[in-house]
Amino acid sequence: MKKVIVVLTSLVVLLGAVAALFYQKNYTGEEYFTLINQGPIKIEDVRDANGTVRDKEYLYQLSAVNKEGKETSITFSSFGRPLTQDKYLSLEYHEQKGVLRWHEVQANDLSKQITQSLN
């Protein structure tokens, strides 16, 4: 009976580890930071199935830097309204999927190295 419990516990732990690795690989990204210092490169209407315009999509292509100082160009969208100029964003970036999430951060929350790289 003890062997069955040990085997089942090991299987549960193994399946949990595999699920965690799968989630990390497919649904999380690396944190990058950017400064909104340009307007959108493209503005498109977002239409519903009937062709009625429901919203606007603002497409941005900005330089971003991670905590190690690696710089890259990242393309992402904002819906509804353009982003505010001279604001910093934290971007969760996935190599294949692009930007997964983003949110505004304050300049004093960033390291001096990051703010210097972005300015």
For the [atom1] atom of [X] and the [atom2] atom of [Y], what is their distance to the nearest 0.5 Å?
X: R47; Y: E57; atom1: CZ; atom2: CD; answer: 13.0 Å
X: L91; Y: R101; atom1: CG; atom2: CZ; answer: 12.0 Å
X: I74; Y: L62; atom1: CD1; atom2: CG; answer: 9.0 Å
X: I36; Y: Y88; atom1: CD1; atom2: OH; answer: 11.0 Å
X: Y60; Y: K42; atom1: OH; atom2: NZ; answer: 14.5 Å
X: K67; Y: L110; atom1: NZ; atom2: CG; answer: 9.5 Å

Which heavy atom in [X] sits nearest to a heavy atom in [Y], and how many Å separate them?
X: A107; Y: T115; value: O-CG2, 4.0 Å
X: E31; Y: S90; value: OE2-OG, 2.7 Å
X: D55; Y: G80; value: OD1-CA, 3.0 Å

Taking [X] for its side chain and [Y] for its backbone only, find out whether a donor-acceptor pair lies under 3.5 Å.
X: Q85; Y: Q38; answer: yes
X: T34; Y: S63; answer: yes
X: S78; Y: R81; answer: yes

Give a yes-or-no answer on whether the side chains of E68 and N66 include a donor-acceptor pair shorter than 3.5 Å.
-> yes
Should [X] and [Y] be regarded as members of a common hydrophobic cluster, given that ILVMFWY residues are connected when their side-chain heavy atoms come within less than 4.5 Å of each other, either directly or indirectly?
X: V105; Y: L35; result: yes
X: L89; Y: V99; result: yes
X: F76; Y: I43; result: yes

Residue pair V46, K56: steps toward the side-chain contact (heavy atoms from CB on, under 4.5 Å) verdict = CA-CA 5 Å; V46 177; K56 294 265 188 212; 6.0 Å; no
Describe, in one word, how the ring planes of Y93 and Y32 are oriented to each other, choosing from parallel (under 30°), tilted (30 to 60°) and perpendicular (over 60°).
->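 Ring orientation of Y93 relative to Y32: perpendicular.
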Residues in side-chain hydrogen bond (donor to acceptor under 3.5 Å, both in side chains) with Y58, at least two apart?
-> none
For R54, enumerate each residue passing the side-chain hydrogen bond (donor to acceptor under 3.5 Å, both in side chains) test, keeping only those at least two apart in sequence or located in another chain.
-> D48
Below 4.5 Å, heavy atoms only, C-beta onward: do K70 and V65 meet side chain to side chain?
-> no
